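Here is how names work: the chains are called A, B, and so on, in the same order as the sequence lines, proteins then strands, and each is numbered from 1. What you see is a predicted model, and the numbers here were worked out from it, not measured in a lab.
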Protein chains: 2
Amino acid sequence: MKKISSYKPWVETLKAFGVRLTLPRKTVLQVLADNREGLTPEEVCRLGRASHPGLGLVTVYRALELFEKLGMIRRVHSGGHCQSYSASFGDTHFVVCTRCGRVTEFPCCGLLPLFAHVRARTGYEVTGHILEITGLCPDCVKSGEN
Amino acid sequence: MKKISSYKPWVETLKAFGVRLTLPRKTVLQVLADNREGLTPEEVCRLGRASHPGLGLVTVYRALELFEKLGMIRRVHSGGHCQSYSASFGDTHFVVCTRCGRVTEFPCCGLLPLFAHVRARTGYEVTGHILEITGLCPDCVKSGEN
DNA sequence: TTTGTAACTGGAAATCTTTTTCATCTTTTA
DNA sequence: TAAAAGATGAAAAAGATTTCCAGTTACAAA
């Protein structure tokens with residue numbers, strides 16, 4: 001798993017919403033930028049303390065809630081528990097590796113016909129959806145079974 | 001919300017897996033058969049006590065876990081928390097009403113092209129997925145805004 | 001039927017997980 | 001730079017889930 005970018009691209013978003021850029025928030029953002037698995041609040045806190053030892057779990061909860069509301073991160077449901085978060089850029093969905101937990105985004109596409117089908121079939125007016133695909137990432141496919 | 005069937009269709013499944021048909025389990029099944037919303041363990045327990053006052057919450061947790069493993073019920077992720085369950089018959093997905101919580105199944109269909117797309121784009125070998133659609137059920141569409 | 005036994009149950013207590021509270025500290029803007 | 005609004009983190013409270021364990025029960029075999 002490689003470290004990706006910094007959290008810099010997110011800074012604009014935060015400024016646009018008039019959200020303060022504090023040390024704990026920067027720390028949480030950096031952790032999320034550095035990791036490509038879904039992380040629980042607990043995990044974010046533990047990882048974050050490497051660079052900011054005073055980081056509080058409550059603050060992590062609040063930061064994650066805020067970033068989710070701003071669309072910078074999203075909840076990952078696959079893999080048993082639903083309280084993990086992963087960075088998200090734009091209108092995408094996740095593929096989650098069932099072996100190593102790696103999360104990869106892919107553009108949201110081609111669901112409109114399905115929504116029409118659902119509407120016709122059930123009478124519901126569709127307003128949203130959760131779509132998450134699970135599978136094996138390229139590395140895990142290469143390195144063995146399951 | 002209308003009461004649907006009994007839990008009878010499930011009895012075969014349970015027998016096939018060599019699972020005992022006990023009073024608490026029957027109670028949980030009846031609750032799930034009677035309700036078309038996602039129910040939390042707590043709610044199942046409360047509703048179940050109407051017919052079986054001694055029903056224990058721990059037993060409800062165990063029963064839900066078992067039934068989920070046997071594919072008789074599935075977790076509902078929409079609506080904030082992910083610890084609700086709803087009856088499920090066959091290879092389907094859920095549409096969840098964001099207003100009244102009603103859950104309706106629709107056949108799983110038309111996702112194969114998407115899986116191919118994901119594979120081509122991300123290199124993941126697709127093995128599963130979570131798809132849940134949210135919207136307004138016909139009754140809620142009729143009865144007002146929101 | 002009756003009976004033996006493995007499977008199941010439910011209360012209490014132990015473990016998490018998440019939220020609330022509140023006194024203190026930090027950004028930001030004026 | 002100072003004031004004010006916003007943010008932080010420790011502790012405590014509230015919730016959710018699991019573990020333990022002493023009974024109880026469904027079911028198969030006699």
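Judged as a side chain to side chain contact (heavy atoms under 4.5 Å, CB included), and not counting sequence neighbours, the contacts of I130(A) are H77(A), H77(B), S78(B), I130(B), E132(B). Shown here are the side chain to side chain donor-acceptor pair (under 3.5 Å) partners of E43(A), two or more places apart in sequence or in another chain: T40(A).
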Enumerate donor-acceptor pairs with a distance under 3.5 Å from any side-chain N or O in residues 53-61 of chain A to protein atoms, sequence neighbours excluded.
none

What pairs of donor and acceptor atoms, side-chain ones from residues 110-124 of chain B against any protein atom, are under 3.5 angstrom apart with sequence neighbours left out?
residue: T122(B); atom: OG1; partner: V118(B); partner atom: O; Å: 2.7
residue: T122(B); atom: OG1; partner: Y124(B); partner atom: N; Å: 3.2
residue: Y124(B); atom: OH; partner: R102(A); partner atom: O; Å: 3.3
residue: Y124(B); atom: OH; partner: T104(A); partner atom: OG1; Å: 2.7

Acceptor/donor pairs from residues 8-15 of chain A side chains to any protein atom, 3.5 angstrom cut, sequence neighbours excluded:
none

Hey, can you pull the donor-acceptor pairs under 3.5 Å for the side chains in residues 82-91 of chain A, sequence neighbours left out?
residue: Y85(A); atom: OH; partner: R75(A); partner atom: NH2; Å: 2.9
residue: S88(A); atom: OG; partner: R74(A); partner atom: NH1; Å: 2.8
residue: S88(A); atom: OG; partner: E105(A); partner atom: OE2; Å: 3.1

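Annotation for L23(A): hydrophobic cluster partners, listed by chain and number, are none (ILVMFWY side-chain heavy atoms under 4.5 Å, direct or chained). Through side-chain heavy atoms spaced under 4.5 Å, either directly or across other Ile, Leu, Val, Met, Phe, Trp or Tyr residues, V96(B) is tied to V76(B), F94(B), V103(B).
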* Per-nucleotide protein contact string for nucleotides 25-30 of chain D (B base, S sugar-phosphate only, - none; heavy atom under 4.0 Å) -> BBS---
* Could you walk me through whether H93(A) and H129(B) pass the side-chain hydrogen bond (donor to acceptor under 3.5 Å, both in side chains) test, one step at a time? => CA-CA 11 Å; H93(A) 287 123; H129(B) 64 283; over 6 Å; no
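Near DNA chain D, defined here as any heavy-atom distance below 4.0 Å, the residues from residues 51-65 of chain A are H52(A), G54(A), L55(A), G56(A), V58(A), T59(A), R62(A), listed numerically.
Protein chain A contacts DNA chain C from dT17(C) to dT28(C), reading 5' to 3' and using non-hydrogen atoms of the protein with a distance under 4.0 Å.
Residue Q83(A) is classed as a sugar-phosphate contact, given heavy-atom separations below 4.0 Å to backbone atoms only.
The CG atom of L64(B) sits 4.5 Å away from the CD1 atom of I73(B) when rounded to the nearest 0.5 Å.
Taking the side chain as every heavy atom from C-beta outward, I133(B) and F106(B) approach each other to under 4.5 Å. Annotation: side chain of T22(B) is in contact with side chain of R25(B) (closest heavy-atom distance under 4.5 Å).
Rounded to an integer number of Å, the gap from E43(B) CD to dG15(D) P is 14 Å.
Note on V95(B) and V141(B): separate hydrophobic clusters, where clusters join Ile, Leu, Val, Met, Phe, Trp and Tyr whose side-chain heavy atoms are under 4.5 Å apart, directly or indirectly.
Five base pairs at each end of the helix from dT1(C)-dA30(D) to dA30(C)-dT1(D) define two local axes, and these are offset by 40° (rounded to 10°).
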